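Just below is one structure, and these are the notes that go with it.
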Amino acid sequence: MRGFKGGMFGEAFRMGRKFAAGDLQLVILALLAEQPRHGYELIKLLEERSGGFYVPSPGVIYPALTYLEETGLAEVENEGTKKLYRITEAGRRRVEENRDMILHTLAKLERIGEKMAYVKRVFETDRHGADSDDGDFMQDGGDIRAARMLLRSALRMRYPWSKAEAARIAGILERAATEILQGGRPDTR
């Protein structure tokens with residue numbers, strides 16, 4: 001899969017969060033090898049595995065499925081108004097020939113999903129807020145919640161940023177995290 005270097009999510013996706021067409025077809029085949037699926041299930045599964053980072057549109061999934069059917073890599077069974085797609089033996093061979101790339105891509109999706117879940121937890125809004133008695137680390141932090149919201153707003157207002165601006169913002173956030181971890185003690189490096 002062609003990707004961009006660096007960034008929070010690594011090199012797995014090109015700008016715009018898109019797979020190359022051939023890569024998407026291979027991932028779909030791998031998911032069909034697990035079990036037969038409908039197009040909508042494939043969309044939801046990719047969304048789930050990436051933590052919402054990659055949500056292919058029906059306009060991307062269904063042409064890929066049609067191509068896989070036309071090339072004999074998948075077959076379709078009509079279930080009323082829905083179509084259930086199954087991998088063929090030729091499709092299984094294609095998956096096996098590309099197993100390393102597919103495993104790498106699916107692992108990347110899952111790592112992205114884990115990172116997205118972490119980011120959501122860190123920047124979660126006040127849904128659980130001060131009324132929560134589940135031991136949440138932000139339980140008594142009205143000032144902290146307000147500062148977090150201010151940070152989120154500042155980041156949104158500055159986005160999109162240049163490479164230099166991203167490095168500057170990352171430095172600020174890293175210094176803040178270091179100071180928080182040190183409990184306000186000066187850095188003694």
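Just so it is clear, the model here is predicted, and its values are computed rather than measured. Numbers here simply count residues along the sequence, with the first being 1.
- Atom CG of residue Leu73 and atom CG of residue Leu29 lie 5.5 Å apart, to the nearest 0.5 angstrom.
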CA sep, side-chain torsions, deciding dist, call: Glu114, Arg111, salt bridge (charged side-chain N to carboxylate O under 4.0 Å, His left out):
CA-CA 5 Å; Glu114 291 166 6; Arg111 281 194 303 277; over 6 Å; no

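- Residues Asp23 and Val27 are not in side-chain contact: their nearest non-hydrogen atoms beyond the backbone lie 4.5 Å or more apart.
- Cluster membership for Leu42 and Tyr40, using ILVMFWY side-chain heavy atoms within less than 4.5 angstrom, is shared.
- Interatomic distance, CZ of Arg175 versus CD of Glu179, reported as 10.5 Å (0.5 Å rounding).
- Atoms NE2 and CG, from His38 and Leu45 in turn, are 14.0 Å apart once rounded to the nearest 0.5 Å.
- Between Lys83 and Glu77 there is no salt bridge, since no side-chain N of the basic residue sits under 4.0 Å from a carboxylate O of the acidic one.
- Considering all non-hydrogen atoms of both residues, Gly72 and Ala90 come closest at O-CB, 3.8 Å.
- In this structure the side chain of Tyr85 never reaches within 4.5 angstrom of the side chain of Leu68, judged on heavy atoms.
- Taking the charged nitrogens against the carboxylate oxygens, Glu79 and Lys82 have no contact shorter than 4.0 Å, which rules out a salt bridge.
- Under the 4.5 Å side-chain criterion, counting only non-hydrogen atoms from C-beta, Leu24 is not in contact with Tyr67.
- Each of Val95, Leu26, Leu46 was compared with Leu31 under the side chain to side chain contact (heavy atoms under 4.5 Å, CB included) criterion, and only Leu46 meets it.
- For Tyr62, the OH atom sits in a packed shell: over 12 heavy atoms of surrounding residues, nucleotides or ligands are nearer than 6.0 Å.
- For Ala33, the side-chain contact (heavy atoms from CB on, under 4.5 Å) test picks out Ile87, Arg92, with sequence neighbours left out.
- Looking at every heavy atom in both residues, Ala74 comes nearest to Leu32 through CB-CD1, 4.2 Å.
- The closest side-chain heavy-atom distance from Val76 to Leu84 is not below 4.5 Å.
- Contact between Ile28 and Ala64 at its shortest, heavy atoms only, is CD1-CB, 3.7 Å.
- In terms of heavy atoms, Ile112 sits closest to Ser50 at CG2-O, 3.7 Å.
- Within the structure, every pair that satisfies the salt bridge (Lys or Arg N to Asp or Glu O under 4.0 Å) test and touches residues 27-47, not counting sequence neighbours, is listed here: Glu34-Arg37, Glu34-Arg49, Lys44-Glu47.
- Of all non-hydrogen atoms in Ala30 and Ile102, the two that sit nearest each other are CB-CG2, 3.4 Å.
- Under the 4.5 Å side-chain criterion, counting only non-hydrogen atoms from C-beta, Pro63 is not in contact with Thr66.
- Taking the side chain to side chain donor-acceptor pair (under 3.5 Å) definition, one finds that Arg168 meets it with Glu165, sequence neighbours left out.
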